[in-house]
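Below: one structure, written as structure tokens.
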Amino acid sequence: MRTVPANSLQIVALARLMKHFGWKWIAVLTSDDEVGVQGGQDLKKSIEKNGGCVAFMDKIHLSYSTGRIRRLVETLQEYKVKVIIIHSSEVHTKMFLETLASQNVSDKVLVFSESFTLTPGLFRKEAWRIFNGSIALSPRAMDMPGFEQHLHRLHLSRAPADIFINIFWEKVFKCKWGGLTETSPAVSEGDGKAPEKCSGNETIGSLNTTFFEMSDLSFTYHTYLAAYAFANALHSLMSCKMGHGPFINRSCGNTNDLKPWQVFHYVKNYNFQIRNGQNISFDINGDAPGAYDIRNAQMHTADEVQLVKVGYFDPGQGEEVHVNMSIILWSRGSQVPRSVCSESCPSGYRQAVKEGKPACCFDCVPCSQGEIANNANTLGQRAHGLKAKCRILQVYHRKPCLGSPPTMSGNWTRGRGRRSACAVLRGVRHNGESRVARLLLLHV
């Protein structure tokens, strides 16, 4: 059982996000493990189902050599993709992202799956700018009443035996608390000098908020949900009255000898509400209702990266993603970056797929005489996975137009003799995936 969404849901969310922004020429990088490879294959299928193409797919791993990573960056440049989906944890992407930054590759939009947690402290500071304008999926998070206040009240002097606070304190304040521990550094990482002793006057509130990633507490929130689910199950089990229980002969669990399967019964079969008002339940597969927040990494200063929520994907509210375009900050300009293999064909041209290339790569070929293009650009409407094709232009000969009937869209006189013509555009007929414009020409 889990409180985070199933991996299959984020695959759908990523593909729908590509469709929403009109990105059809995409690179996919996955971690070099079973989860990453399978996720990459599923993502490729979902992108193609939504009308896009995966131009390039490869694996990344923290053990890869510098030379291999550089060749990967060169290949991405050759394919001229503008959008890169990274389906991997941040640890495996460190060398790749820092290589992009060192080579000043700034014309790409990075899209991170939920596997990636934006942790600026993991990367060299000069590489932070590579995140500016990137898009990230994260499991939907809601308010946790009192959590931020709890963080700011933490102090090592209140819990000197807590090894986790000890490690945290010495790491973020670069000092040594009391005697050296197995986890505290003997020397500082920078100049080789021994760290100063912690004064006890350090406060968490004085730290840069980037370190805490307070703008993205998605995984913290889902841990919070799991703790609530377990606590609620224990409470229900211990409140059970004999003769009204859920087990054999309507018995209850023995509170002095709790069994995991008894607690599990309560977790999976009960709905409950947490303090922020959210209702939690689990389906037959052990999944809680899943949804994703869409976040945009924004750097307004060189020292801070903010993750701003700009939209969401909630299957319970429809199949499309919802994005507030006005608050997104792209790395270059205010317009949505384009990532296509071939631009749409102009009026009078049809698509001719290039041999050995994906369907998104095509040439624009003029329609033959007597044909008219049905591509969306010709009709002044946006294409949604439709291919521009040529249709036979149907021409009907009629008797001369007399006067100016109401259906006449125009008439003109040529030479001395009057010759009238009438042209009527009967409109656009939608028929499945084809669009046919029928033009009737009436002349003498």
(request) With side-chain contact (heavy atoms from CB on, under 4.5 Å) as the test, would you mind laying out the steps for Leu110 and Leu97 before giving the verdict? (result) CA-CA 10 Å; Leu110 301 176; Leu97 294 175; 3.7 Å; yes
(request) Tell me, please, which residues at least two apart from Phe362 pass ring pair (Phe, Tyr, Trp, His ring centres under 6.0 Å). (result)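 None.
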(request) Apply ring pair (Phe, Tyr, Trp, His ring centres under 6.0 Å) to His235 and list each qualifying residue two or more places apart in sequence or on a separate chain. (result)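 None.
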(request) Work out which heavy atom in Pro358 is nearest to a heavy atom in Trp25; give both atom names and the distance. (result)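 Looks like CG-CZ3, 3.8 Å.
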Using a 6.0 Å cut-off, check whether atom [atom1] of [X] has over 12 heavy atoms from anything other than its own residue.
X: Lys108; atom1: NZ; result: yes
X: Arg70; atom1: CZ; result: no
X: Gln317; atom1: CD; result: yes

(request) Mind checking salt bridge (Lys or Arg N to Asp or Glu O under 4.0 Å) for Lys49 and listing every partner two or more places apart, or none if nothing turns up? (result)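 With sequence neighbours excluded, Lys49 shows a salt bridge (Lys or Arg N to Asp or Glu O under 4.0 Å) to no residue whatsoever.
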(message) Test of understanding: with salt bridge (Lys or Arg N to Asp or Glu O under 4.0 Å), list the residues that count as partners of Glu98, not counting sequence neighbours.
(response)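 By the salt bridge (Lys or Arg N to Asp or Glu O under 4.0 Å) rule, Glu98 matches Lys94, Arg124.
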(request) Please say which of Glu114, Gln10, Arg140 ends up in a side chain to side chain donor-acceptor pair (under 3.5 Å) with Tyr292. (result)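 Between Tyr292 and the candidates, side chain to side chain donor-acceptor pair (under 3.5 Å) is satisfied uniquely by Glu114.
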(message) Is a donor from one side chain sitting under 3.5 angstrom from an acceptor on the other, for Asn249 and Ser251?
(response)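 No donor-acceptor contact under 3.5 Å links the two side chains.
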(message) When you measure from the side chain of Asn50 to the backbone of Ser46, do you find a donor-acceptor pair of N or O atoms at a distance under 3.5 Å?
(response)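 Side chain of Asn50 to backbone of Ser46, a donor-acceptor pair under 3.5 Å: yes, one is there.
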(message) According to side chain to side chain donor-acceptor pair (under 3.5 Å), does anything in residues 332-343 pair up with another residue at least two apart or in another chain? List the pairs.
(response)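 Non-adjacent pairs meeting side chain to side chain donor-acceptor pair (under 3.5 Å): Ser106-Arg332, Arg338-Glu343.
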(request) Would you list the pairs meeting ring-ring contact (aromatic ring centres under 6.0 Å, His included) in which at least one residue belongs to residues 46-84, sequence neighbours left out? (result)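 Sorted pair list: Phe56-Tyr79, His61-His92.
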(message) For Val305, run the side chain to side chain contact (heavy atoms under 4.5 Å, CB included) check against Gln298, Arg129, Met299 and tell me which one passes.
(response)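 The passing option is Met299.
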(request) Take the SG atom of Cys53, take the SG atom of Cys341, and say whether they are under 2.5 Å apart. (result)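 Answer is no: Cys341 does not pair with Cys53 in a disulfide.
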(message) For the aromatic rings, using the six-membered ring if either is Trp, is the centroid distance between Tyr224 and Tyr228 under 6.0 Å?
(response)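 Aromatic pair counts; centres sit under 6.0 Å.
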